[in-house]
Each structure stands twice: as structure tokens, then as C-alpha cells.
Amino acid sequence: MGIADLRPLSERRAWIFDLDGTLTQPVHDFVHIRQELGIALDQDILATIAARPLDERLDMMKRLDLLEHHYAQKARPAPGVLPLLELLASRDCLLGILTRNTRSIALASLKAIGAESFFTPEWVLGRDEAKPKPDAQGITMLLDQWQCQPEEGVMVGDFRYDLETGRAAGTFTVHVDDRDRHWPELTDLRVGSLDHLSAHLHSA
């Protein structure tokens, strides 16, 4: 742990969330998505598409958008998501989303889980608004908009890209995962669910 130790989690007011698998239950079948796009199973989807020639890249992005819209309609809330967002809102926290999806897909997912009212659309950043995670640009953009310092920020996610992004930006990192996946060198707090994160905030 580094800069994140300087301020207790309960005192941080700038909260940035990953979406899929963090605020929503995991529904994306990334094996299927890669197969549909002709991408090897061990390759990053967005990085692979970005490396293709322009015409191929545009076609693949259109196909990816269709696949992601399909999954957005199936989004279901992760356990504890609404109580956590209500708790943070009651403390006047600033709430943002940083996702590798598009903003429109993210907003559709938030609507599907009943959480759209907690997020200002301009504070929902997708791959068209900021460089995809693990690049820290999106967190920096949100902190700048909010006039917050990194030590006021929290990045919450279920995958190492989220944690790497938070580390690079200098925020506190929260890993939400009930599976046997651990990245301790990137994680300031690991919880099994958003309910556990709420309980941690109540007790802090």
C-alpha cells in the first residue's frame, strides 16, 4: 500500500466504479465474444481490435457494440449495490463509472439494474471518453472534473485492470470478488461483496 494509506476509506468522497461484474452480476461471456470477433482467447479484446486496419477495426467495433448491447439488456444488480450507492449518496460522495464499454451501453446497464439515478451521465466514462483501463486517464479526468485529489479517490472493481488503474492514478483500490482471485500488490481492501463494503464503511 502507498498513497492510499493517507486517508481513511470512510473519508474519501470521490468514488469510481467498474460496471460489469462489480455493480452488475457477471453476465458477459467473453469466450463467446472473442469467438464471434475472431479473437484468440488469450488476447485483450480492445487492444486486439485497435491493432487491426481501419476498415476491419470499424467493422469489429460495430459487432462488439451489438454484442455488448445484448448483454446490457440482461444486466442484473450485484448483491448490495443499491444500499451501497444510497449510503455513499447520503454522505454526499461523488459517484462515477469507468468502463471499457461505451457510455450508452453503460447507461443502459445502469437503467437495467435501477441505479441510473445515482450517476450523472457525464460522469460515466466509456472507451470513447477515455483510454481503456488499465490506463489511468479516466480516473484523472473524473478527479479533475470533481476538483478532487487522488487521495480523495476510490476505485472499485472486480478485475486487475480496475486495480491497476486505481494504482496508476494514486487512489485507494477496492477489489470486490467472491472468487479465488487475488492481486494483493494492487489491492488496498478486498471484500467478497458490495454488502461487505457497506458494512466496512458503517464500521469505519
#### Entry: Test side-chain contact (heavy atoms from CB on, under 4.5 Å) applied to Asp18 and Leu23, step by step
CA-CA 7 Å; Asp18 169 57; Leu23 297 185; over 6 Å; no

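- Scanning for side-chain contact (heavy atoms from CB on, under 4.5 Å) contacts around Lys111 gives Glu116, with sequence neighbours left out.
- Here the NE2-CG distance, from His200 to Leu84, works out to 12.0 Å after rounding to the nearest 0.5 Å.
- Judged purely by atom type and a 3.5 angstrom limit, Gln25 has no side-chain atom pairing as donor or acceptor with the backbone of Ala78.
- Contact check on Glu152 versus Arg13 returns a salt bridge, with a Lys/Arg side-chain nitrogen under 4.0 Å from an Asp/Glu carboxylate oxygen.
- Evaluation of the ring pair (Phe, Tyr, Trp, His ring centres under 6.0 Å) rule for Tyr161 yields Phe159 as partners, not counting sequence neighbours.
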Pairs of donor and acceptor atoms involving the side chains of residues 139-150, under 3.5 Å and at least two apart or interchain, shall be tabulated with distances.
| residue | atom | partner | partner atom | Å |
| --- | --- | --- | --- | --- |
| Thr140 | OG1 | Ala136 | O | 3.3 |
| Gln145 | OE1 | Trp123 | NE1 | 3.3 |

### Task
Mind running side-chain contact (heavy atoms from CB on, under 4.5 Å) on Met61 and Glu56 for me, showing each step along the way?
CA-CA 9 Å; Met61 289 305 297; Glu56 186 178 358; over 6 Å; no

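- Between the side chain of Arg34 and the backbone N or O of Gln43, at least one donor-acceptor pair lies under 3.5 Å.
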#### Entry: Verdict with reasoning, Thr24 to Leu19, per side-chain contact (heavy atoms from CB on, under 4.5 Å)
CA-CA 6 Å; Thr24 70; Leu19 182 58; 4.1 Å; yes

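- Looking at heavy atoms from C-beta onward, Asp188 lies out of side-chain contact with Val174 at the 4.5 angstrom threshold.
- For Glu129, the side-chain contact (heavy atoms from CB on, under 4.5 Å) partners at least two apart in sequence or on another chain are Arg103, Leu125.
- Residues forming a side-chain contact (heavy atoms from CB on, under 4.5 Å) with Gln35 (at least two apart in sequence, or on another chain): Val31.
- Ile113 and Trp15 fall within a single hydrophobic cluster, where Ile, Leu, Val, Met, Phe, Trp and Tyr are joined by side-chain heavy atoms under 4.5 Å apart, directly or via other members.
- Side chains of Thr187 and Phe172 form no contact here, defined as non-hydrogen atoms less than 4.5 Å apart.
- For the salt bridge (Lys or Arg N to Asp or Glu O under 4.0 Å) test, no residue two or more places apart in sequence or in another chain qualifies with Asp135.
- Nearest heavy atom pair, residue Asp195 against residue Gly80, reads OD1-CA, 3.1 Å.
- Met155 has its side chain out of reach of Phe17: every pair of non-hydrogen atoms, C-beta onward, lies at least 4.5 Å apart.
- With contacts defined as side-chain heavy-atom distances shorter than 4.5 Å, the pair Leu37/Ile45 qualifies.
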Could you pull out every donor-acceptor pair under 3.5 Å between side chains of residues 175-184 and any protein atom, sequence neighbours left out?
| residue | atom | partner | partner atom | Å |
| --- | --- | --- | --- | --- |
| His175 | NE2 | Asp158 | O | 3.4 |
| His175 | NE2 | Asp177 | OD2 | 3.2 |
| Asp177 | OD1 | Arg179 | N | 2.8 |
| Asp177 | OD1 | Arg179 | NE | 3.2 |
| Asp177 | OD2 | Arg181 | NE | 2.7 |
| Asp177 | OD2 | Arg181 | NH2 | 3.1 |
| Asp180 | OD1 | His182 | NE2 | 3.1 |
| Arg181 | NH2 | Asp158 | O | 2.6 |
| His182 | ND1 | Arg190 | NE | 3.3 |

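- Partners of Asp65 by side-chain hydrogen bond (donor to acceptor under 3.5 Å, both in side chains), not counting sequence neighbours, listed by chain and number: Arg127.
- For Arg57, the salt bridge (Lys or Arg N to Asp or Glu O under 4.0 Å) test picks out no residue, with sequence neighbours left out.
- The pair Arg167-Asp162 does not meet the salt-bridge criterion, since no charged nitrogen lies less than 4.0 angstrom from a carboxylate oxygen.
- Side-chain contact between Val124 and Leu110 is present, with heavy atoms from C-beta onward closer than 4.5 Å.
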Mind listing the side-chain donor-acceptor pairs of residues 88-100 below 3.5 Å, one per line with the distance, residues two or more places apart or on another chain?
| residue | atom | partner | partner atom | Å |
| --- | --- | --- | --- | --- |
| Ser90 | OG | Leu87 | O | 2.6 |
| Arg91 | NH2 | Leu201 | O | 3.4 |
| Thr99 | OG1 | Asn101 | N | 3.0 |
| Arg100 | NH1 | Lys133 | O | 2.4 |
| Arg100 | NH2 | Asp44 | OD1 | 2.8 |
| Arg100 | NH2 | Asp44 | OD2 | 2.7 |

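- The CG atom of Leu163 sits 5.5 Å away from the OG1 atom of Thr173 when rounded to the nearest 0.5 Å.
- For Ser198, the side-chain hydrogen bond (donor to acceptor under 3.5 Å, both in side chains) test picks out no residue, with sequence neighbours left out.
- By the 4.5 Å side-chain criterion applied to Ile, Leu, Val, Met, Phe, Trp and Tyr, Leu54 is assigned to a cluster that also includes Leu58.
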